[in-house]
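Taking it in order: structure first as structure tokens, then the write-up.
Whatever order the structure lists them in is the order used to number ligands and atoms, beginning at 1. This is a predicted model, so every value here is computed, not measured.
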Amino acid sequence: MSQPEGTRVALVTGASRGIGRACAEALASKGWALALQYRSNADEAAAAARAIQDAGGKAQAFAADLSAPGEAARLVDAAAQALGGPVALVHAAGAISEKPMAFAKPAEWAAQLELHAISAHALAQALLPFVRKSDAGRFVFIGSMAGVVGLGNAAAYAASKGALAGLAKSLALECARWKATANVIAPGYVETAMTAHHDEARKAAASAAIPLGRYGTAAEVGALAAFLCSREAGYVTGQTIAIDGGMSLG
Ligand code: NAD
């Protein structure tokens with residue numbers, strides 16, 4: 001039997017700040033109960049959970065280092081025990097390793113692939129038993145335009161984000177029988193801690209190449225994630241959706 005609207009559980013990774021937190025807040029505003037994954041900053045995660053609770057929502061924080069094999073399954077299990085089985089995943093946890101290709105080490109490649117792509121698969125796999133029992137399972141992977149158009153000095157990051165498109169398409173095919181969907185959101189530049197080191201000159205140059213002339217906000221990405229998790233988005237699957245202010249239009 002499908003879970004009634006409003007009591008469904010969503011797992012959001014990287015949920016203590018930035019895009020992940022904005023996704024969690026957008027989902028909570030639509031009635032989802034939230035499992036919030038954070039890596040190490042318990043205070044930040046508690047604040048994120050409290051903000052949702054103060055707005056009348058349900059949220060609980062769970063620590064997990066998603067660059068460690070096995071953590072994804074343990075995380076989903078802990079969330080399921082505490083809140084019920086998650087039927088939606090927004091995988092936003094991520095970190096960029098910026099280095100010219102000539103200097104990138106195999107271990108750095110492995111770490112980027114583990115955090116972005118391998119953990120995405122492991123999380124999705126761990127959600128499947130719950131998604132199978134739902135009639136509206138949702139997988140949303142936060143990719144990057146880097147994975148679509150490439151990014152100089154960040155090949156491992158771009159490759160690990162690009163892998164999400166193949167994962168989402170394959171998952172979309174496998175999960176269609178349960179009416180579940182799988183998609184990638186590919187942000188361009190978004191104002192978060194990840195871009196906080198961009199100085200004014202870099203920001204101005206980047207913004208000049210964006211038709212809408214500015215970086216996006218985490219809330220804008222969150223709104224898209226909440227839509228993709230909604231029942232209304234039930235016919236959108238296997239897609240990579242750019243949210244980049246038109247940057248990729250050339
Ligand atoms: P952020 O640094 O604010 O958030 C990243 C989150 O991922 C943090 O909560 C961090 O704790 C978590 N994280 C990092 N390593 C982790 C690990 N090993 N295990 C568990 N959690 C870990 O940055 P953000 O911009 O909010 O990034 C969110 C996602 O959006 C990332 O996947 C990022 O690649 C993607 N993205 C961001 C931008 C941008 O311009 N900000 C652009 C494209 C894609």
Open item on the list: Using a 6.0 Å cut-off, check whether atom NZ of Lys58 has over 12 heavy atoms from anything other than its own residue.
Closed with: no

Open item on the list: Heavy-atom distances under 4.0 Å decide this one: backbone, side chain, both or neither, for Lys161 against ligand 1?
Closed with: side chain

Open item on the list: Looking at ligand 1, would Ala64 count as a contact under a 4.0 Å heavy-atom criterion?
Closed with: yes

Task: Atoms in ligand 1 with a heavy atom of Gly14 nearer than 4.0 Å - done: 6 (C), 7 (O), 9 (O)

Open item on the list: Quick one, Leu83 and Gln60 - any side-chain contact, counting heavy atoms below 4.5 Å?
Closed with: yes

Open item on the list: Within the 4.0 Å heavy-atom shell around Ala193, which atoms of ligand 1 are there?
Closed with: 3 (O)

Task: Subset of ligand 1 atoms that lie under 4.0 Å from at least one heavy atom of Ala93 - done: 7 (O), 21 (N), 22 (C), 32 (O)

- [ ] Check whether any side-chain heavy atom of Phe139 lies under 4.5 Å from a side-chain heavy atom of Val90, and answer yes or no.
- [x] no

Task: Taking every non-hydrogen atom, the tightest pair across Ala225 and Cys23 - done: CB-SG, 3.6 Å

TODO: Work out whether the distance between some heavy atom of Tyr157 and some atom of ligand 1 is less than 4.0 Å.
DONE: yes

Task: Audit row: Arg138, Glu232, salt bridge (charged side-chain N to carboxylate O under 4.0 Å, His left out) steps and yes/no - done: CA-CA 12 Å; Arg138 298 286 184 261; Glu232 288 76 11; over 6 Å; no

- [ ] Please name the residue in the list Leu11, Ile142, Val140, Leu66 that meets the side chain to side chain contact (heavy atoms under 4.5 Å, CB included) test with His91.
- [x] Leu66

Task: Check ion pair Glu25-Arg17 (N to O, under 4.0 angstrom) - done: no

TODO: Tell me which protein heavy atom sits closest to atom 26 (O) of ligand 1, plus the residue, atom name and distance to 0.1 Å.
DONE: Ile19 N, 2.8 Å

Open item on the list: Taking the basic N atoms (NZ, or NE/NH1/NH2) and the acidic carboxylate oxygens, is any pair closer than 4.0 Å for Glu174 and Lys169?
Closed with: no

Open item on the list: Suppose we measure from atom 27 (O) of ligand 1 to each protein heavy atom; which comes out shortest, and what is that distance?
Closed with: Met194 CE, 3.9 Å

Open item on the list: How close do Phe130 and Val87 get, counting heavy atoms only, and between which atoms?
Closed with: O-CG1, 3.7 Å

TODO: Among all protein heavy atoms, pick out the one at the shortest distance from atom 28 (C) of ligand 1; state its residue, atom name and that distance to 0.1 Å.
DONE: Ala92 O, 3.1 Å

Open item on the list: Is it the case that ligand 1 has an N or O less than 3.5 angstrom from some N or O of Val190?
Closed with: yes

Task: Any N or O of Tyr189 closer than 3.5 Å to N or O of ligand 1 - done: no

Task: His91 to ligand 1, any heavy atom closer than 4.0 Å - done: no

- [ ] Provide the number and element of each atom of ligand 1 under 4.0 Å from a heavy atom of Ile142.
- [x] 29 (C), 30 (O), 35 (C)

Task: Proximal atoms of ligand 1 relative to Asp65 (non-hydrogen, under 4.0 Å) - done: 17 (C), 18 (N), 19 (N)

Task: For atom 44 (C) of ligand 1, the protein heavy atom that lies nearest, with its residue and separation - done: Gly143 O, 3.2 Å

- [ ] Please examine the side chains of Thr181 and Val236, heavy atoms only from C-beta on, and report whether any two atoms are closer than 4.5 Å.
- [x] no

Task: Region of Glu191 that comes within reach of ligand 1 [heavy atoms, distance under 4.0 Å] - done: neither

Open item on the list: Quick test: of every protein heavy atom, which one is nearest to atom 14 (C) of ligand 1, and how far off is it to 0.1 Å?
Closed with: Gly94 O, 3.4 Å

Task: Glu71 (side chain) donor-acceptor with Pro69 (main chain) under 3.5 angstrom - done: no

Open item on the list: Within the 3.5 Å criterion, strictly below it, is a donor on Tyr215 or His198 matched to an acceptor on the partner's side chain?
Closed with: yes

Task: atom 2 (O) of ligand 1: nearest protein contact (heavy atom, Å) - done: Arg17 NH2, 2.7 Å

- [ ] Provide the number and element of each atom of ligand 1 under 4.0 Å from a heavy atom of Ser16.
- [x] 9 (O)

Open item on the list: Does the protein come close to atom 33 (C) of ligand 1 - that is, does one of its heavy atoms sit below 4.0 Å from that atom?
Closed with: yes

TODO: Mark up the atoms of ligand 1 that fall under 4.0 Å of a heavy atom belonging to Ser67, in ascending order.
DONE: 18 (N)

Open item on the list: I'd like to know if the side chain of Ser144 and the backbone of Lys161 have a donor-acceptor N/O pair within less than 3.5 Å.
Closed with: no

Task: Closest approach of any protein heavy atom to atom 24 (P) of ligand 1, naming residue and atom - done: Thr192 OG1, 3.5 Å

Open item on the list: So for ligand 1, is Leu66 a polar contact partner (N or O within less than 3.5 Å, distance only)?
Closed with: yes

- [ ] Please say whether Tyr38 places an N or O atom under 3.5 Å from an N or O atom belonging to ligand 1.
- [x] no

Open item on the list: Test of understanding: given a 4.0 Å heavy-atom threshold, classify the contact between Ala146 and ligand 1 as side chain, backbone, both, or neither.
Closed with: neither

Task: Distance flag, aromatic centroids of His116 and Phe141, threshold under 6.0 Å - done: no

TODO: List the closest protein heavy-atom neighbour of atom 42 (C) of ligand 1: residue, atom name, distance to the nearest 0.1 Å.
DONE: Gly188 O, 2.9 Å

TODO: Under the side-chain contact (heavy atoms from CB on, under 4.5 Å) rule, what do Thr217 and Val190 come out as? Steps first, then yes or no, please.
DONE: CA-CA 5 Å; Thr217 66; Val190 180; 5.6 Å; no

- [ ] Report yes if Thr195 has an N/O atom closer than 3.5 Å to an N/O atom of ligand 1; otherwise report no.
- [x] no

TODO: Take every heavy atom of Arg21, measure it against each atom of ligand 1, and state whether any distance is under 4.0 Å.
DONE: no

TODO: Test Glu191 against Lys203 for salt bridge (charged side-chain N to carboxylate O under 4.0 Å, His left out), laying out the working first.
DONE: CA-CA 10 Å; Glu191 299 269 12; Lys203 249 174 123 167; 3.2 Å; yes

